Amino acid sequence: MAATVVLSIIGTLFAFMGFIIIKFRLARLIAGYDPNLVKNRAGLSTWMGKCAIGTGLSALVIALMNYLFLSTKSDLFSFVAFMVLSMISGVVALARAQKYYK
């Protein structure tokens, strides 16, 4: 049950931050952002915001699955699944973000 609450909070925060990054083009919220190295700030903001929203939605889906299929090992499975999906999301986000750098 703890995983459901924690992943719901994490998912909501990720989705909210992604929305803020897209809506207000706040590329400076992206870790490692250097305005001197970016050639398309709007594109980078949109891409990274979408990736953050995707990560947040995956956390919310995992939390829902954990809530619906509660068992003795569901918390462990939920956290491992979230870690794997967030790592994959991070790799994809960084690989595509190279398109927006000089």
Side-chain angles (χ1 to χ4, degrees):
M1 187 65 164
T4 302
V5 174
V6 170
L7 287 174
S8 297
I9 292 170
I10 290 171
T12 303
L13 288 175
F14 266 90
F16 179 71
M17 288 299 291
F19 174 75
I20 294 297
I21 290 172
I22 291 172
K23 179 74 175 168
F24 299 109
R25 304 280 188 233
L26 292 177
R28 65 180 180 268
L29 292 179
I30 301 167
Y33 173 73
D34 184 4
N36 299 324
L37 298 177
V38 175
K39 63 181 175 185
N40 184 357
R41 192 186 74 160
L44 180 66
S45 298
T46 301
W47 172 249
M48 295 302 278
K50 286 180 182 178
C51 289
I53 290 172
T55 303
L57 290 178
S58 70
L60 291 172
V61 167
I62 292 170
L64 179 65
M65 298 281 286
N66 185 34
Y67 180 74
L68 293 176
F69 303 109
L70 203 57
S71 70
T72 57
K73 303 277 185 186
S74 63
D75 283 354
L76 177 63
F77 172 76
S78 297
F79 282 124
V80 169
F82 175 69
M83 293 314 301
V84 169
L85 286 175
S86 64
M87 285 183 213
I88 292 170
S89 173
V91 168
V92 170
L94 291 175
R96 175 83 189 272
Q98 296 303 311
K99 172 182 171 182
Y100 302 107
Y101 284 94
K102 295 179 185 173

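These figures come from a predicted structure and were not determined experimentally.
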Q: Determine whether more than 12 heavy atoms belonging to other residues, nucleotides or ligands lie under 6.0 Å from atom OH of Tyr101.
A: yes

Q: Find out if a path of hydrophobic residues (ILVMFWY) with successive side-chain heavy-atom gaps under 4.5 Å connects Phe19 to Met17.
A: yes

Q. Which heavy-atom pair separates Ala63 from Leu7 by the least distance, and what is that distance?
A. CB-CB, 3.8 Å

Q: Evaluate the side chain to side chain contact (heavy atoms under 4.5 Å, CB included) criterion for residues Leu44 and Lys99: first the C-alpha distance (whole Å), next the side-chain angles of each, then the deciding distance (0.1 Å), finally the verdict.
A: CA-CA 8 Å; Leu44 180 66; Lys99 172 182 171 182; over 6 Å; no

**Q.** Within residues 27-45 or reaching into it, pairs that qualify as side chain to side chain donor-acceptor pair (under 3.5 Å) - sequence neighbours excluded
**A.** none

Q. Arg25 versus Thr46: any side-chain heavy-atom pair under 4.5 Å?
A. yes

**Q.** Contact summary for Val38 and Lys102, nearest pair of heavy atoms
**A.** O-CE, 3.8 Å

Q. Would Ile21 and Phe16 show up in the same hydrophobic cluster when neighbours are defined by side-chain heavy atoms closer than 4.5 Å?
A. yes

Q) For Phe14, does the CZ atom have more than 12 heavy-atom neighbours from other residues, nucleotides or ligands under 6.0 Å away? A) no

Q.
Taking Val6 as the starting point, is it possible to reach Leu60 by hopping between hydrophobic residues whose side chains are less than 4.5 Å apart?
A. no

Q) Atom CG in Leu64, atom OG1 in Thr4: separation rounded to 0.5 Å? A) 8.5 Å

Q. Which value, rounded to the nearest 0.5 Å, describes the distance between Leu94 atom CG and Ile30 atom CD1?
A. 10.0 Å

Just distance, no hydrogens or angles: give the donor-acceptor pairs under 3.5 Å from side chains in residues 78-90, sequence neighbours left out.
{"from": "Ser78", "atom 1": "OG", "to": "Asn66", "atom 2": "OD1", "distance (Å)": "3.4"}
{"from": "Ser78", "atom 1": "OG", "to": "Ser74", "atom 2": "O", "distance (Å)": "2.7"}
{"from": "Ser86", "atom 1": "OG", "to": "Phe82", "atom 2": "O", "distance (Å)": "3.0"}
{"from": "Ser86", "atom 1": "OG", "to": "Met83", "atom 2": "O", "distance (Å)": "3.0"}
{"from": "Ser89", "atom 1": "OG", "to": "Thr55", "atom 2": "OG1", "distance (Å)": "2.7"}

Q) Transitively linked via ILVMFWY side-chain contacts under 4.5 Å: Phe77 with Leu70? A) no

Q) Roughly how far apart are Thr12 OG1 and Leu57 CG, rounded to 0.5 Å? A) 9.5 Å

(Q) Count I, L, V, M, F, W, Y as connected when their side-chain heavy atoms are under 4.5 Å apart, and connections chain through other members. Are Leu68 and Met1 then in the same cluster? (A) yes

